[in-house]
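One structure is given below, encoded as structure tokens.
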Amino acid sequence: MKIIISPAKKMNADPDGLPWQDLPRFLERSEQLYRAMRALPADALQKLWKCNDSIARLNRERLETMDLRCNLTPALLSYEGIQYRYMAPGVFSETQLDYVQRNLRILSGFYGLLRPFDGVTPYRLEMQAKLAVEGAGDVYAFWGDSLARALTEETDCLVNLASKEYSVCITRYLPSSVRLVSCVFGEEKAGKVVEKATLCKMARGEMVRYMAEQNVTAPEQLQGFDRLQFHYVPERSGENTYVFLRGAAQ
């Protein structure tokens with residue numbers, strides 16, 4: 001079983017903290033994306049990144065000094081978004097860090113597929129970015145089915161905690177032999193399950209922490225998750241979709 005999650009836009013560099021273990025599996029392909037971005041003028045980069053002037057300036061400076069092989073930070077400790085704050089990997093025990101290294105995989109527009117202790121440097125490139133490179137019209141096309149194939153070499157069961165923007169680069173290529181269990185975190189309103197982006201990110205981070213703490217080895221064990229006032233609701237769920245509602249009675 002492997003768990004897939006999204007990256008975060010906000011990143012930090014901490015080469016003096018916990019050491020990274022390996023270079024990313026698809027680093028040579030990341031270097032192709034790097035060269036393609038370096039070739040773009042400033043206005044095209046800002047359009048590609050869809051950001052304000054300050055963020056564009058920061059990421060142009062990163063491109064100018066970027067080294068993909070030295071002074072790296074473990075991927076799990078480099079991302080700073082809501083999901084990662086609630087996961088709080090910085091206070092994981094050694095056993096929990098071992099668990100996520102074995103089981104957690106981070107999807108990335110720039111790096112493709114990351115293990116938690118793969119060494120990375122801060123970057124900005126979303127999976128849905130319209131970057132033309134190596135004959136591909138966008139980042140989705142650039143990665144194609146390579147990330148799904150890499151995952152299916154490792155497992156025949158995936159727990160999907162990624163956003164649709166990222167999970168689609170896996171789900172559209174998965175063979176029927178691979179089980180995909182997706183988790184939905186929402187609230188019931190007027191008889192419908194409503195998902196809110198911030199709460200979903202919080203819950204996904206808490207779910208990874210729960211799995212590491214409980215040493216979860218099978219998707220069915222996720223049904224015991226009861227954090228942030230979420231509870232598993234069997235009547236809303238199916239074999240491969242687990243629905244957790246906030247405030248639902250146990």
Side-chain angles (χ1 to χ4, degrees), residues 1-7 22-30 32-33 75-76 79 83 98-118 120 125-186 193 195 200-201 203-205 207-208 210-212 214-223 225 232 234 236-244:
M1 184 187 75
K2 293 291 181 281
I3 310 152
I4 55 173
I5 62 173
S6 305
D22 299 289
L23 290 171
R25 173 173 178 167
F26 294 102
L27 186 58
E28 291 184 0
R29 304 208 70 199
S30 302
Q32 291 177 276
L33 294 169
L76 190 65
Y79 295 111
Q83 175 181 219
D98 288 343
Y99 175 89
V100 292
Q101 177 67 4
R102 291 194 314 272
N103 297 296
L104 184 67
R105 299 294 179 263
I106 304 166
L107 303 173
S108 164
F110 186 66
Y111 284 105
L113 190 67
L114 291 164
R115 294 160 296 192
F117 278 86
D118 284 352
V120 303
L125 185 67
E126 296 181 51
M127 189 64 78
Q128 60 186 0
K130 304 293 185 181
L131 178 65
V133 57
E134 297 298 320
D138 57 25
V139 177
Y140 282 128
F142 175 78
W143 290 113
D145 67 350
S146 60
L147 309 184
R149 286 191 289 106
L151 280 169
T152 56
E153 290 173 6
E154 294 191 276
T155 187
D156 61 359
C157 181
L158 291 173
V159 172
N160 178 22
L161 294 175
S163 65
K164 187 174 181 181
E165 174 190 347
Y166 283 88
S167 63
V168 70
C169 72
I170 303 299
T171 58
R172 65 173 50 157
Y173 299 111
L174 276 187
S176 58
S177 58
V178 176
R179 183 184 182 193
L180 179 78
V181 178
S182 296
C183 294
V184 175
F185 301 97
V193 175
E195 297 177 86
C200 286
K201 293 174 182 177
R204 289 167 182 156
M207 179 63 90
V208 174
Y210 173 83
M211 295 177 77
Q214 301 297 318
N215 190 33
V216 170
T217 57
E220 288 71 23
Q221 293 173 263
L222 302 181
Q223 297 172 12
F225 178 79
Y232 173 71
R236 287 283 194 178
S237 303
E239 180 182 1
N240 294 320
T241 303
Y242 291 175
V243 176
F244 299 85

| Could you give the distance from CG (Leu222) to OG (Ser237), rounded to the nearest 0.5 Å? | 11.0 Å
| request: Would you check if the side chain of Asp118 reaches a backbone N or O of Leu114 as a donor-acceptor pair within less than 3.5 Å? | output: no
| said: What verdict does the side-chain contact (heavy atoms from CB on, under 4.5 Å) test give for Val139 and Gln128, after you've listed the backbone C-alpha separation in whole Å, the side-chain angles of each residue and the deciding distance to 0.1 Å? | reply: CA-CA 6 Å; Val139 177; Gln128 60 186 0; over 6 Å; no
| query | Quick one: are Phe142 and Leu131 in side-chain contact, heavy atoms under 4.5 Å? | reply | no
| task | Determine the sole option in Leu180, Thr152, Leu158, Asp145 for which the side-chain contact (heavy atoms from CB on, under 4.5 Å) test with Ile170 is passed. | result | Leu158
| said: Looking at every heavy atom in both Met207 and Leu161, which two are closest together, and how far apart are they? | reply: CG-CD1, 3.8 Å
| message | Under a 3.5 Å distance rule, please check whether Gln101 uses its side chain to pair with a backbone N or O of Arg115 as donor and acceptor. | response | no
| field | Criterion side-chain contact (heavy atoms from CB on, under 4.5 Å) on Thr155 and Val178, from CA distance to verdict | value | CA-CA 8 Å; Thr155 187; Val178 176; 5.6 Å; no
| said: With a 4.5 Å cut-off on side-chain heavy atoms, are Pro24 and Ser30 touching? | reply: no
| task | Using the salt bridge (Lys or Arg N to Asp or Glu O under 4.0 Å) rule, take Arg179 and Glu220 through it: C-alpha gap first, then chi angles, then the decisive distance, then the call. | result | CA-CA 12 Å; Arg179 183 184 182 193; Glu220 288 71 23; 2.9 Å; yes
| said: I need the Leu147 CG to Arg105 CZ distance, nearest 0.5 Å. | reply: 12.5 Å
| query | Does a donor on one side chain sit under 3.5 Å from an acceptor on the other, for Thr241 and Ser182? | reply | no
| message | Just so I know, are the side chains of Phe117 and Asp22 near enough to count as touching, which here means a heavy-atom distance under 4.5 Å? | response | no
| With distance as the sole test, does Glu154 use its side chain to make a donor-acceptor pair with the main-chain N or O of Leu151 at under 3.5 Å? | no
| said: Ignoring hydrogens, what is the shortest heavy-atom contact between Leu107 and Cys169? Give both atom names and the distance. | reply: CD1-SG, 4.3 Å
| message | For the residue pair Arg204 and Phe185, would you count it as a cation-pi contact if the rule is NZ or CZ under 6.0 angstrom from the ring centre and within 45 degrees of the ring axis? | response | no
| task | Look up atom CE in Met127 and atom OG in Ser108, then write down how far apart they are to the nearest 0.5 Å. | result | 6.5 Å
| task | Over all heavy atoms of both residues, which pair between Cys183 and Val159 is shortest? Give the atoms and the distance, please. | result | SG-CG1, 4.5 Å
| query | Checking ring pair (Phe, Tyr, Trp, His ring centres under 6.0 Å) for the pair Tyr242/Tyr232: CA distance, chi angles, key distance, verdict? | reply | CA-CA 7 Å; Tyr242 291 175; Tyr232 173 71; 5.6 Å; yes
| request: Calculate, to the nearest 0.5 Å, the distance between atoms CG and CE belonging to Leu104 and Met211 respectively. | output: 8.5 Å
| Any salt bridge between Arg29 and Glu134, counting N to O under 4.0 Å? | no
| Can a cation-pi geometry be assigned to Arg172 and Tyr140, taking NZ or CZ under 6.0 Å from the six-membered ring centre and within 45° of the ring axis? | yes
| query | Salt-bridged, Arg25 to Glu153, with N to O below 4.0 Å? | reply | yes
| task | From the options Thr217, Val216, Asp156, select the one residue that forms a side-chain contact (heavy atoms from CB on, under 4.5 Å) with Met1. | result | Val216
| task | Determine, stepwise, if the pair Val184 / Phe244 fulfils side-chain contact (heavy atoms from CB on, under 4.5 Å). | result | CA-CA 6 Å; Val184 175; Phe244 299 85; over 6 Å; no
| task | With the side chain counted from C-beta on, respond yes when Leu33 and Trp143 share a heavy-atom pair under 4.5 Å apart, and no when they do not. | result | yes
| query | Checking Ser6 side chain against Tyr166 main chain: does a donor-acceptor pair fall under 3.5 Å? | reply | no
| task | Could you tell me whether Phe26 and Tyr111 have their ring centroids closer than 6.0 angstrom? | result | no
| query | Roughly how far apart are Ile3 CD1 and Asn103 CG, rounded to 0.5 Å? | reply | 5.5 Å
| Full working for side-chain contact (heavy atoms from CB on, under 4.5 Å) between Glu126 and Glu165 | CA-CA 9 Å; Glu126 296 181 51; Glu165 174 190 347; 3.5 Å; yes
